[in-house]
Every structure is written in structure tokens, then in C-alpha cells.
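Start at 1 and go down the list; that is how both ligands and their atoms are numbered. Here, residue 1 is the first one in the sequence, and each next residue gets the next number.
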Amino acid sequence: MNDKIWLSPPHMGGAEMKFIEEAFFTNWIAPVGPNGDAFEAKVKHYVSRGHAAAVSSGTAALHLALLALQVTKGDIVICQSLTFAASANPIVYQGATPVFVDSEASTWNICPEALTKAILYYIKKGKKPKAVIGVHLYGMPAQLSEILTICDHYEIPFIEDAAEALGSEYNGQKIGSFGTMSIFSFNGNKIITTSAGGMLLSDDPELVSKAKFLASQSRDNAPYYQHSQIGFNYGLSNICAGIGLGQMEVIADRVAQRRANFEFYKNALENLIGLKFQEEPVNCLSNRWLTAFTLDSKRSGVSAESIRIQLADNNIESRRIWKPMHLQPVFSNAPYFGGRIAEELFQTGLCLPSGSSLSQDDLQRVTDIITKHFA
Ligand SMILES: *Cc1c(COP(=O)(O)O)cnc(C)c1O
């Protein structure tokens with residue numbers, strides 16, 4: 001059996017141990033420390049944002065974003081349906097109601113028309129949504145100018161779930177610099193990793209300092225432990241932040257390597273009947289966190305699932321497109337606006353191994369199997 005090819009394994013850059021060792025030598029093993037501050041500074045400089053809070057996960061960052069916006073029981077929060085469950089779960093942590101919205105066919109991200117419909121529906125009912133959560137799926141930037149125009153018009157904060165999109169760009173500007181707040185994930189499978197971690201960013205200093213306050217148990221400024229609010233333990237350890245500092249040294253390479261994977265796949269597979277890659281609009285640059293495509297199985301005679309199985313039989317991990325949230329059993333009662341685009345992407349789409357450490361031989365192995373499967 002050939003070696004296992006993973007979907008998106010961690011890829012260390014080399015400098016991580018230096019920062020981790022420094023933390024040990026100086027005994028900064030605590031949850032906060034100089035690596036954390038430096039990591040926040042590095043990421044906010046990279047995406048050109050005013051303020052950042054390093055936290056324990058992308059999910060925690062999203063939860064803090066909702067807390068900072070005072071989302072509470074009974075509120076409406078709109079969320080892209082085609083995403084990982086972590087985009088939506090924090091809405092429920094707050095006792096708010098998630099309202100899911102369809103994707104549009106070009107970027108696979110939140111559909112501006114369906115978004116407008118959902119907003120107007122709730123405004124008419126006297127329940128203006130408290131926030132909109134949009135995703136940059138697999139690194140592909142959403143249609144930000146339309147979405148931000150809508151959110152600005154109705155004065156609803158937009159939260160960028162940029163968990164998958166560090167290094168992507170929209171109109172030459174880094175993703176994560178657009179919404180009222182934005183979040184990144186540094187989970188093990190993302191484009192860079194701190195093993196587990198995340199970050200919340202904003203240009204509004206008050207939102208970020210509020211998030212930091214909540215993330216460290218909501219301790220009042222008093223000589224003893226006093227709490228006027230419920231707090232959370234969402235900090236990022238100084239050790240993990242050290243991994244992040246090392247990873248930030250190679251972020252440009254990681255983006256280039258993932259984009260090169262996409263080019264390889266495109267050259268090898270784009271002429272297969274019915275196969276269509278996720279498209280990059282002209283004003284966008286995707287980090288191509290995962291290379292993803294859809295298959296018209298009526299034309300091609302093969303399905304995303306049959307390719308996935310074929311790859312798995314050859315010790316290669318691939319993954320179906322996210323199952324939309326409005327089709328998840330746990331969200332079966334949640335309202336949904338839009339058509340069947342997200343559902344079709346789920347049914348026809350597949351993500352290929354996309355790690356930045358893939359060799360040319362690995363990529364060739366993947367494309368050979370897929371090409372043979374079509375024959
Ligand atoms: C990974 C991911 C998250 C959650 O990040 P964690 O660090 O794993 O908590 C949220 N949203 C999307 C779209 C993700 O891919």
C-alpha cells in the first residue's frame with residue numbers, strides 16, 4: 001500500500017521550535033505571554049487590521065464576536081448555510097436563532113439576494129437581525145462589495161468567518177480586513193496552525209478589548225477577583241502562540257504552495273467531462289486552502305462520492321463539500337432563505353488533498369486515479 005495522502009495535514013516551517021523553546025527558557029508557559037502579543041501583532045499587520053485577540057480556537061473567536069455585539073436570547077443571526085457547523089454553533093450558544101441563507105453559484109458563498117430577502121423578512125416582523133456571518137469557503141472570497149453594501153444599508157454588523165481564508169485577497173486587500181469583525185482559525189488542518197487556536201480582529205478597539213475581557217474570565221479591575229459578567233476561558237497559550245509565530249514566517253509560501261496544487265489539479269483534470277473547479281473571480285485571490293470541484297454526474301457518469309471512495313481505496317483522503325446547515329438534523333427547525341445551490345454543491349462537490357507539503361508524485365497519484373476513474 002502507498003503512503004497515506006491526507007486532506008490537509010499540518011506543515012511546520014522550521015522556526016516554531018525557537019519560539020517554543022524561548023517560552024520554556026523564560027518560563028512563559030502561562031496562557032498569556034510575549035508570544036501571544038507578538039502573534040497578534042504579526043497577524044493584524046499581515047491583514048492590515050487595527051486590533052486582534054489571540055484565542056483558543058476559531059469557534060471561540062466567533063463566540064466572542066457575537067458576545068461583543070451583545071447577541072443574546074431571542075435575537076436573529078443570519079449565517080451562510082454552506083459551511084462547517086462551527087460557523088453557526090456560537091449563535092445557539094447565545095440562545096439566539098440562526099437563520100440560514102443559500103450560496104451563490106460563482107463563489108459558493110452567501111448569496112446577496114437571499115441575504116436581502118432574509119433581512120427584509122425579519123425587519124418587517126420587527127426583529128432586525130443582530131449580525132450576519134459570512135464565510136470565505138475553502139479560501140474563496142465572498143462577494144464582499146455587495147454583502148457589505150447590504151449590511152451597511154440596514155446597519156447590521158458583518159462578521160467575516162475567514163477561518164479558511166488567511167492569505168486570500170479581495171480587490172488587493174487581505175481577507176479578514178473587511179467585516180465589523182473577522183475571525184481566523186489555526187486548527188491543525190488550516191493553512192497555518194497553532195495545533196489549536198484562533199484570532200478575532202477588528203478596527204474597533206472597544207470590540208476587541210471587550211472580547212479579550214470576556215476571554216479571560218471577565219475579571220473586573222479590582223484588587224481581588226470580582227466579576228460583574230459571566231466570563232470564558234478562551235485564551236491562547238503562549239506555547240501555541242509560539243507555533244503561530246513560526247508559521248507566520250512562511251504564510252506567503254503556504255499560499256503559493258496551495259495555489260500551485262490547484263494549478264496542478266486544474267491542468268490535469270479540467271478537461272474531464274462535467275468537472276468544474278470552484279471559480280476565482282477576477283478581483284479575488286483565493287489561498288486555495290482546499291482545491292474543490294463539482295461534477296455533473298449525468299454527463300460524466302461518475303459521482304463525487306464514487307471518486308471519494310476510489311481515492312480512499314488507494315489510501316488518499318478527500319472530502320465532500322460541507323453539508324449545508326439547513327439540512328443538518330440539529331438545525332432542522334431553523335429558518336432558511338434561498339434556493340438549492342448550497343444543496344447542489346453539497347451533492348456534487350469534492351475537496352482534493354491540498355496540503356502545502358504534497359509532493360509532485362503525490363499530486364500525480366491523485367490525478368492518475370481520478371483520470372482512470374473517468375475512463
Ligand atoms: C475550521 C473552521 C471554523 C472553526 O475553527 P476552529 O479553530 O476549529 O474552532 C469555523 N468556521 C469555518 C468555516 C472553519 O472551516
Side-chain angles (χ1 to χ4, degrees), residues 6-10 39 43 52-67 77-94 98 100-101 103 107-110 131-142 144 147 158-168 175-176 178-179 181-201 211 215 232-237 240-241 243-244 247 254 258 278 286-292 319-326 328 330-331 342 345-346 349 351 354-355:
W6 298 95
L7 186 76
S8 182
F39 186 42
V43 175
V55 294
S56 54
S57 70
T59 311
L62 271 169
H63 190 196
L64 290 166
L66 297 181
L67 284 158
V77 176
I78 295 176
C79 183
Q80 179 167 328
S81 185
L82 188 66
T83 185
F84 179 46
S87 303
N89 285 341
I91 303 170
V92 181
Y93 302 164
Q94 284 310 98
F100 295 112
V101 165
S103 289
T107 69
W108 303 5
N109 291 309
I110 207 164
V132 172
I133 300 172
V135 186
H136 306 291
L137 214 63
Y138 306 127
M140 189 61 69
L144 283 166
I147 294 162
F158 179 64
I159 301 170
E160 273 185 276
D161 179 347
E164 303 171 358
L166 186 68
S168 297
I175 285 301
F178 291 90
M181 280 178 277
S182 49
I183 73 100
F184 290 113
S185 166
F186 308 115
N187 190 22
N189 63 353
K190 298 304 197 302
I191 190 158
I192 63 165
T193 181
T194 58
S195 80
M199 202 171 286
L200 173 73
L201 296 102
F232 300 84
N233 185 3
Y234 277 169
L236 182 69
S237 98
C240 292
I243 305 175
Q247 290 271 280
R254 297 298 181 259
R258 298 232 178 202
Q278 186 182 25
S286 170
N287 68 6
R288 295 285 182 187
W289 171 58
L290 297 183
T291 287
R319 193 196 282 155
R320 296 276 296 277
I321 302 286
W322 302 121
K323 180 173 182 175
M325 291 305 112
H326 73 281
Q328 297 287 352
V330 72
F331 291 122
L345 289 166
F346 161 59
C351 300
S354 299

Any N or O of D161 closer than 3.5 Å to N or O of ligand 1 | yes
In ligand 1, which numbered atoms sit nearer than 4.0 Å to a non-hydrogen atom of T83?
-> 13 (C)
Where the side chain of Q278 meets the backbone of L137, is there a donor-acceptor pair that is under 3.5 Å apart?
-> yes
Is the closest heavy atom of G198 to ligand 1 under 4.0 Å?
-> no
So which protein heavy atom does atom 15 (O) of ligand 1 come closest to, and at what separation?
-> E164 OE2, 2.5 Å
Which ligand 1 atoms, with their elements, are less than 4.0 angstrom from a heavy-atom of V135?
-> 13 (C)
Report the part of T59 (side chain from C-beta onward, or backbone N, CA, C, O) that has a heavy atom under 4.0 Å from ligand 1; answer both or neither where that applies.
-> both
Which of the atoms in ligand 1, numbered in the order shown and given with their element, are less than 4.0 Å from a heavy-atom of A86?
-> 3 (C), 4 (C), 10 (C)
Atoms of ligand 1 close to S87 [distance to a heavy atom under 4.0 angstrom, numbered from 1] = 11 (N), 13 (C)
Kindly say whether S57 contributes a backbone atom to a donor-acceptor pair with the side chain of N187 at under 3.5 angstrom?
-> no
Test item: F331 and V92 side chains (from C-beta on) under 4.5 Å apart, heavy atoms | yes
For ligand 1, which part of S57 has a heavy atom less than 4.0 Å away: the side chain, the backbone, both, or neither?
-> both
For S185, take its heavy atoms, then give the atoms of ligand 1 lying under 4.0 Å from any of them.
-> 1 (C), 5 (O), 6 (P), 7 (O), 8 (O)
4.0 Å heavy-atom contact, A61 with ligand 1 = no
Numbered atoms of ligand 1 (with element) below 4.0 Å of G197, judged on heavy atoms = 7 (O)
Smallest separation among heavy atoms of I175 and P141, with atom names = CD1-CB, 3.7 Å
Check for a donor-acceptor pair, side chain of N189 on one end and backbone N or O of S8 on the other, with a separation under 3.5 Å.
-> no
Output yes when a side-chain donor or acceptor of S81 lies under 3.5 Å from a complementary backbone atom of H326, and no otherwise.
-> yes
What residue and atom, counting heavy atoms only, is the protein's closest point to atom 2 (C) of ligand 1, and at what distance?
-> K190 NZ, 3.0 Å
Is a side-chain N or O of Q328 found less than 3.5 angstrom from the main chain of K323, in a donor-acceptor match?
-> yes
At a 4.0 Å threshold, what atoms of ligand 1 neighbour a non-hydrogen atom of N187?
-> 7 (O), 8 (O)
Those atoms of ligand 1 less than 4.0 Å from some heavy atom in F84 = 2 (C), 3 (C), 14 (C)
Does some side-chain heavy atom of F232 sit less than 4.5 Å from a side-chain heavy atom of V55?
-> no
Report yes if the distance between the aromatic ring centroids of F186 and F39 is under 6.0 Å, otherwise no.
-> yes
Using the ring of each side chain (for Trp, its six-membered ring), is Y138 parallel, tilted or perpendicular to W289, with breaks at 30° and 60°?
-> parallel
